[in-house]
Amino acid sequence: MTKPLPKIIQGGMGVAVSNWKLAKAVSTHGGMGVVSGTAIDAVLIRRLESGDANGDVRRALAAFPNQETAKHILDKYFIEGGKSKSDSYSNAPKLLINASRHSNDLLILGAFVEVWLAKEGHQGQVGINFLEKIQMGTAAGILGAMLANVDYVIMGAGIPREIPRFITEISQKKTSYITVDIINGESQRITIDPAEFVDISKIEFVRPMFLAIIINDVLAAYLARDESSRPDGFIIEGPSAGGHNAPPRGKIEFDADNEPVYGPRDLANLEKMVKYGYPFWLAGGFGARGKLKDALALGAVGVQVGTLFALSNESGFTDDIRDQILGTLVDGTFEIHTDMKASPTGFPIKIVSLPGTTALPEVFAARPKLCDMGYLREPIMLKSGRVDYRCPSEPEIPYLKKDGTMEETQGRKCLCNGLFSNIGLGQHRRDGYDEAPIVTLGSDVDGCKELIKEFPDGWSAADAMDFIAG
Ligand SMILES: Cc1cc2nc3c(=O)[nH]c(=O)nc-3n(C[C@H](O)[C@H](O)[C@H](O)COP(=O)(O)O)c2cc1C
């Protein structure tokens, strides 16, 4: 029996802002909760090293089809009672084109645990979100999510032309691949065979639906032209959406606050979308009262909402960050900017100006530059003929040695470490430095401002859904 298309999708929000608790809350209330698959290997390690207080991660690991692997990861990382505050978290192996078995195990198990917990104890649908830009983590991450019977795979931040083929092949228990772009070099394939990780004779995969996050109808037409790249639906995200945004089309103009100016050319032609006949959802500023109705009237199946859920009680944000942001919404000091430079991906990203975060120049300047997580590193073929990996947010000297330019490093911030601090899993360094958070949200917070009046102590995911449904 095919399941109905969800009207409300809670958007994937990395790193673990849309964690399994939020996704489960949404899915049990009739929407579709989406967990983030970004850096999910490190999320798994840090939860285990924090002591897994309620035993959730261990319960999910006990359900993994290969218990030898699950036990190995548990033995290696679980710390009863949690690590001491003065210790640092262990690092996951950095993503590589030729990943080690251990690295793949962590990615598979991380995604499995997150989806399994989000789906536990109900029949609602659950999705997982990946960023196209993090190509080296995708194959193993999707396999892990499919082992937990994920209902939807959703991908943004790039052109996800390979995912429909990949999930079809994996669901048929075949070896499949994801292509990795190499700067200045020929692309290479990351191949994955499910049989290497689990006994496939005991697995029944169901092919998940695939939704591509796009900004306009042109990309929809491009992806839909061929069966191997055709998504099952599209999420059309406008420029006010939280997280990364696509840059404006054409020559970029900036306003007085140095923010990119978006115009009508950056909006999708919804009439064309309706004509194509593929299901689509609208995202970016749809987290407000009755917005679902507006989207339906425009021909959409529903909406994808991020910011309103990111600020709900169940999200992964620390209480401190959530309270601070809600406070700024109440007293009118909420400030957010679309920063063209901060993200090493090169995409614009929305950053909240919040005290204590690297959005503030003094906090940013106090951070010792280092790159120990490296999810946004890209492979590069060096002039010497060797493939190396680089991220424009890493320290300048190694970046320049990898044929980078000084200009590319300017204004870049370390998203990996900052995003982990948002969820209370930030790194503590041996020299005593604690990684500072960096918070993204959408710029349209009218809905949040209205909802906080009804729920001055904060709202639940279910409250948010009722509000959107009007
Ligand atoms: C905190 C936060 C983190 C986000 N992270 C991601 C992400 O990792 N991947 C992604 O595709 N979209 C991400 N988004 C975008 C959301 O999934 C969603 O499409 C968007 O927030 C919708 O716009 P809205 O914020 O106006 O509701 C993020 C949004 C927020 C608020």
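Order of listing sets the numbers, starting from 1, for every ligand and every atom in it.
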Exercise. Within 45° of the ring axis of Phe210 and under 6.0 Å from its six-membered ring centre, is that where the NZ or CZ of Arg230 lies?
Worked result: no

Problem set entry | Ring-face cation of Arg367 near Tyr433 (centre distance under 6.0 Å, axis angle within 45°) | no

For this session: Closest by any non-hydrogen atom to atom 24 (P) of ligand 1: pick that one out of Ile154, Ile468, Thr307, Val15.
Result: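 Among Ile154, Ile468, Thr307, Val15, the closest heavy atom to atom 24 (P) of ligand 1 belongs to Thr307.
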
Exercise. Counting heavy atoms only, which of Ser315, Gly243, Gly242 is nearest atom 15 (C) of ligand 1?
Worked result: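 Looking at heavy atoms only, the winner is Gly242.
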
Exercise. Does a salt bridge link Lys275 with Glu271, judged by any charged N lying under 4.0 Å from a carboxylate O?
Worked result: no

Near [X], which atoms of ligand 1 are under 4.0 Å from a heavy atom of that residue?
X	result
Gly11	17 (O)
Leu441	31 (C)
Ile213	11 (O)
Val305	27 (O)

Exercise. Of all residues at least two apart in sequence or in a different chain, which pass the side-chain hydrogen bond (donor to acceptor under 3.5 Å, both in side chains) check with Asp232?
Worked result: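 Testing Asp232 for side-chain hydrogen bond (donor to acceptor under 3.5 Å, both in side chains), a comparison that skips the adjacent residues, returns Arg207.
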
Problem set entry | Candidates Ile167, Asn149, Leu147 - the one meeting side-chain contact (heavy atoms from CB on, under 4.5 Å) with Phe205 | Leu147

Return yes when [X] approaches ligand 1 closer than 4.0 angstrom through a heavy atom, no otherwise.
X	answer
Gly285	yes
Asn129	yes
Gly284	yes

List the closest protein heavy-atom neighbour of [atom]: residue, atom name, distance to the nearest 0.1 Å.
atom	result
atom 8 (O) of ligand 1	Gly14 N, 3.1 Å
atom 27 (O) of ligand 1	Gly306 N, 2.8 Å
atom 7 (C) of ligand 1	Gly12 O, 3.4 Å
atom 1 (C) of ligand 1	Thr440 O, 3.1 Å
atom 28 (C) of ligand 1	Met13 CG, 3.5 Å

Cut-off 3.5 Å, side chains only: do [X] and [Y] have a donor facing an acceptor?
X	Y	value
Ser88	Arg429	no
Lys350	Asn245	yes
Asp463	Ser460	yes
Gln135	Asp181	yes
Arg377	Tyr389	no

Exercise. Can you find an N/O atom of Thr38 closer than 3.5 Å to an N/O atom of ligand 1?
Worked result: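 No, Thr38 has no N/O under 3.5 Å of an N/O on ligand 1.
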
Problem set entry | Side chain, backbone, both or neither: the part of Glu237 lying under 4.0 Å from ligand 1 by heavy atom | side chain

Exercise. Which bit of Val34 is near ligand 1, meaning a heavy atom under 4.0 Å away: side chain, backbone, both or neither?
Worked result: neither

Problem set entry | Neighbour count above 12 (heavy atom, 6.0 Å) for Lys21 NZ | no

